[in-house]
**Q** 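So that we are looking at the same thing, I have put the structure below in structure tokens.
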Amino acid sequence: MITWSPSKIKAFQKALLTWYDTDGRDLPWRRDHDPYHVWVSEIMLQQTQVNTVIPYYNRFMDWFPTVTDLADAPEERLMKAWEGLGYYSRARNLQKAAKQVVEDFNGKWPRTAEELLDLAGIGPYTAGAIASIAFGEPVPAVDGNAFRVFSRLLEIDDDIAKTQTRQVFEQVIGTIIPTDRPGDFNQAIMDLGSSYMTAKNPDSENSPVKAFDQAYLDGVEDQYPVKTKKPRPVQIPYFGLVIHADDRYLMEKRPSTGLLANFWTFPLVKRETLLTGLEHPETVTDEELVTLLEHEVAETDGLKLHLTPRSGKQVTHTFTHQKWLITLMDAEWSGDLDLSYFPGEWLTASDFERLALPKVQDKMWQRVRPK
DNA sequence: AACCCGTGGCA
DNA sequence: TTGCCAAGGGT
């Protein structure tokens, strides 16, 4: 890692902000510095690309124009606004924080990064972003862009996958961020990281700060940032039960914690569940597996079904750390609709449009819906 | 501190 | 297809 003199820091600030003034992106949440606007956009942008966020942000401001509207929003409406964005705890924490602002702070926003950290869903990055952009506090906002940009500028070789590395960057950026335009500085770093100093195929030759880019000048920018790799997703085989009575489908509500919390899906049974306790699970035939599945559903849910697998009805969906391989099984339900023993409800296609559904459920539905 | 938590774009 | 990345936070 190299260090910069005070005069070099001044020169960098000028080069960066001059470029930002002319070439900075015009984004919906940059039309003012309203903390509500900044805050919602920052939450949506967590681990999500700008082009994906733009339509969600515009619709969100249409549905929930003020922090009070958000605090008072019905749960179902809130989740529909977030449907497809992923990381759904962001939406729930967003409303939790809105209620904190309305009730605990009487509508007056905390104005420092330290205070903002007390709000649900706001961590060190988002606190720095809101404090600097909305309130002008000279604090760093260290996101993936800042890691990448500054690791190259200064040849910082700490592993950005490690928790403690954040402090290294916050300390360094703290000496470089200008006190008069901290919000513009942080946003300029993000624009730089998404234009010239990108993760793949960077265009440092034309970067407005290429004279300050030590890794580029040394021809080693492909070595930055240093980041250890994550393990690939584990594969989990499931059976997806498509149980229908006329135009109604039996849906199950997922637990209130964990992956896809509280979402409706077709009932899902892990293949592993059917094989535990067997002496030679590897010898089980497909037909025997179906029988085991029917017994499992009968025991746990009180449903006597005749399940029919169909070829070509496999659905796959990859999350950050899991890959689901779902074999769809059909069953026509001819009994009454008593669900005393089953934690679910019968839903129709019109319900599917009204409710927020996770992508994997939509994939299953597209495979089985009548055309 | 390591792991969990979604989805879409792209080479 | 696979792997990686994208304005991270919670536990």
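Quick note on labels: first sequence line is chain A, next is B, and so on, each numbered from 1.
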**Q** Does either side chain, that of A:E221 or that of A:S204, offer a donor lying less than 3.5 Å from an acceptor on the other one?
**A** yes
**Q** When you measure from the side chain of A:K323, which nucleotide among C:dC4, C:dT2, C:dA7 comes out closest?
**A** C:dT2
**Q** Rounded to the nearest 0.5 Å, what's the gap from OH on A:Y224 to CZ on A:R148? Could you check?
**A** 15.5 Å
**Q** NA contact type, A:L27, heavy-atom cut-off 4.0 Å: base, sugar-phosphate, or nothing?
**A** base
**Q** Base, sugar-phosphate alone, or nothing: which one does A:K363 contact when heavy atoms must sit under 4.0 Å apart?
**A** nothing
**Q** Can you see if the side chain of A:Q47 gets near the phosphate of C:dG8 - specifically, an N or O under 4.0 Å from OP1 or OP2?
**A** yes
**Q** Would you say the base of B:dG6 and the side-chain of A:T318 have a donor-acceptor pair closer than 3.5 Å?
**A** no
**Q** Return the residues of residues 82-104 of chain A meeting this criterion: a heavy atom under 4.0 Å from some atom of DNA chain B. Order them by number, or give none.
**A** A:G84, A:L85, A:G86, A:Y87, A:Y88
**Q** Regarding A:W39, tell me which of base, sugar-phosphate or nothing describes its non-hydrogen contacts under 4.0 Å with the strands shown.
**A** nothing
**Q** Are A:E83 and A:Y88 linked by a side-chain donor-acceptor pair shorter than 3.5 Å?
**A** no
**Q** Taking the P atom of each, how far is B:dC4 from C:dA7, in whole Å?
**A** 24 Å
**Q** From C:dA7, C:dC5, C:dG3, pick the nucleotide closest to the side chain of A:A199?
**A** C:dC5
**Q** Flag the pair A:W324 / A:F319 as yes when their ring centroid distance falls below 6.0 Å, and as no otherwise.
**A** yes
**Q** Quick one, which residues of residues 142-171 of chain A touch DNA chain B with a heavy atom under 4.0 Å?
**A** A:Q164
**Q** Would you say C:dC5 has OP1 or OP2 under 4.0 Å from some side-chain N or O of A:K200?
**A** no
**Q** Just checking, any donor-acceptor pair under 3.5 angstrom between side chains of A:S194 and A:R25?
**A** yes
**Q** Counting only non-hydrogen atoms, which of residues 256-265 of chain A are less than 4.0 Å from DNA chain B?
**A** A:G258, A:L259, A:L260
**Q** Mind checking if A:T48 touches a base, just sugar-phosphate, or nothing, with heavy atoms under 4.0 Å?
**A** base
**Q** For A:I122 and A:R25, take the nucleotide of DNA chain C holding the closest heavy atom to each; which residue's nucleotide lies nearer the 5' end?
**A** A:R25
**Q** Tell me whether the NZ or CZ atom of A:R254 lies within the 45° cone about the ring axis of A:W264 and under 6.0 Å from its centre.
**A** no
